[in-house]
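To start, the structure itself, in structure tokens.
Just the heavy atoms: all of them, side chains too, but no hydrogens, waters or symmetry mates, feed the values below. Predicted, not measured: the structure shown is a model, and the values here were computed from it. Within every chain, numbering begins at 1; the chains are lettered A, B, ... in the order of the sequence lines, protein sequences first and strands thereafter.
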Number of protein chains: 2
Amino acid sequence: MSSRAATQVFQMVEEQIATGQLKDGEKLDEATLAERFNVSRTPVREALLQLVGSGLARQIPKRGCFVKSPSLREMIEMFEVMAELEGMCARLAARRMTEDQLNLLKKANVGCEQAITDGDSDLYYDKNVDFHECIYDACGNQFLANEARRLRRRLRSFRRLQLRVRGRMSQSLSEHSEIINAIENGLAEQAEIISRQHVMIQGERFNDLLAHMEPTP
Amino acid sequence: MSSRAATQVFQMVEEQIATGQLKDGEKLDEATLAERFNVSRTPVREALLQLVGSGLARQIPKRGCFVKSPSLREMIEMFEVMAELEGMCARLAARRMTEDQLNLLKKANVGCEQAITDGDSDLYYDKNVDFHECIYDACGNQFLANEARRLRRRLRSFRRLQLRVRGRMSQSLSEHSEIINAIENGLAEQAEIISRQHVMIQGERFNDLLAHMEPTP
DNA sequence: CATCTTCTTTTCGTATACGATAATTTGAAT
DNA sequence: ATTCAAATTATCGTATACGAAAAGAAGATG
């Protein structure tokens, strides 16, 4: 827990964007935010700078700072890259994972099963993060792992949503099993392909969800 | 050209880190930098924040901000990811590149040839950027293109250096020809593999260079 | 009604000041 | 010499103020 006002503002705004409280195009006024969080403009500016840096907001000179939700196209693009990174992690992990790490991976997957039993998609999301964290750890490339985490974070609200599609959780779980199997047998190529697909499917499911919700704006 | 002091400070410091004027571990003192650039702490802080954000500096609380050059290991990791991203760009470009874009790609490669004729490795670096920009443009995934650019930027000083290895430029050029060939014929997989290798080789060459220069520190 | 010209208001970037807290040094006591 | 405590200094985050520049509004002129 950082006691810095700037960090808190950043996290709050980020959260509000993720949960939809702050919608696309909405103005992020320095003065208003400062008042809302009872701080001065300085930490607010710092937060906005980071927001822009991480792509959640857009700065239009002399006009202000605005929430920037990714368009459907950008979403698909991000999922495409995410799929590649996850695939790469799995490929490397298949070569490099130790016995201990494999056990942790299996354990994480049991957590996912439990979440399904409880029918709790938010819990599944968390357990799923654990599962993929195991793979990140085992890929032996910290830089890659961090990039993957960064992007995962950026996509998290959409990934959460996507899990609500009927049957998606159990499908995800069976994909996990295939991934474990491939890694366990050192089938790097296969682990990569399945993992990549595992993410791409999420993009597609999300796409379905959108199409269902908004009949072309 | 941005007239903002903060941006200028950022770019200057970034440049000085890239050129080695500012070395690993060196302290980035807010007051000193402010004086050096004749600005107040505010824009300097902003610049440092971005520096940390892009991984070029590290912040140790109550100790200060320090230049953070990547370790050899981190370098290799970054090259590994760069290779994957470039490979992905090439794979997609092979499927999606238009005739016009292909012509631009070929033209860019002629520029590379010229740079070799002139024996100018810095020029080659620039022309090589043009070459790869063509591929980025044609990959049809802007988000991916931006990620690739970001990482390329981060690695540029090392990539520059690596081109000084004897024969590396002409080897690079022949790899380009193979890439063009694969793309022209829509051989996505092959374009990916060659491009990936094209980058990995750079990492290895750079590694050689390092091993030659510093006999294990 | 359109257009051009003030005038006012926002937005922005920067400068500067201040208090809090952590790091470092100094110096005393064992 | 070592250890501990107090004093000093540096760093940091934040608040606030100010001027420049641009956007937007209001009003004048054709």
>> Taking D120(A) first and then K127(A), would you say they form a salt bridge - that is, a charged N and a carboxylate O separated by under 4.0 Å?
In response: no

>> Can you see if the side chain of T42(B) gets near the phosphate of dT14(C) - specifically, an N or O under 4.0 Å from OP1 or OP2?
In response: no

> Does S40(B) or R63(A) map to a spot on DNA chain C nearer the 5' end, using the closest nucleotide for each?
Replying inline: R63(A)

>> Nearest whole Å is fine: how far is dG13(D) P from Q50(A) CD?
In response: 11 Å

>> So, does K27(B) get its side chain near the phosphate of dT11(D), meaning an N or O under 4.0 Å from OP1 or OP2?
In response: yes

>> Rounded to whole Å, please give me the gap between CG in L49(A) and C1' in dG13(C).
In response: 12 Å

> Want to settle it: does P61(A) or A6(A) sit nearer the 5' end of DNA chain D, counting the closest nucleotide to each?
Replying inline: A6(A)

>> Can a donor-acceptor pair be found, under 3.5 Å and without considering hydrogens, that links the side chain of E26(A) to the backbone of K23(A)?
In response: yes

>> Rounded to whole Å, how long is the line connecting atom CD of Q8(A) with atom P of dG13(D)?
In response: 13 Å

>> Tell me the interatomic distance from E46(A), atom CD, to dG13(C), atom P, rounded to whole angstroms.
In response: 14 Å

> Within the structure, does a side-chain N or O atom of Q59(A) lie under 4.0 Å from either OP1 or OP2 of dT11(C)?
Replying inline: no

>> Whether R156(A) and D122(A) form a salt bridge (side-chain N of Lys/Arg under 4.0 Å from carboxylate O of Asp/Glu) is what I want to check.
In response: no

> Which one, dG24(D), dA17(C), dA15(C), comes nearest to the side chain of R41(B)?
Replying inline: dA17(C)

> Considering only dT11(C), dT14(D), dA15(D), which nucleotide approaches the side chain of R45(B) most closely?
Replying inline: dT14(D)

> Can we say E86(A) and R196(A) salt-bridge, meaning some charged N sits less than 4.0 Å from an Asp/Glu carboxylate O?
Replying inline: no

> What integer distance in Å separates E30(A):CD from dC12(C):P?
Replying inline: 6 Å

>> Between P on dC12(C) and CG on L33(A), what's the gap in Å once rounded to a whole number?
In response: 12 Å

>> Of the listed nucleotides (dA20(C), dA15(D), dA20(D)), which one gets closest to any side-chain atom of K62(B)?
In response: dA20(C)

> Nearest-Å distance, CD (E35(B)) to P (dA15(C))?
Replying inline: 13 Å

>> What is the separation between atom CZ on R4(A) and atom P on dT21(C), rounded to the nearest whole Å?
In response: 15 Å

>> Could you tell me if R160(A) sits above the aromatic ring of Y125(A), with its cationic atom closer than 6.0 Å to the ring centre and no more than 45 degrees from the axis?
In response: yes

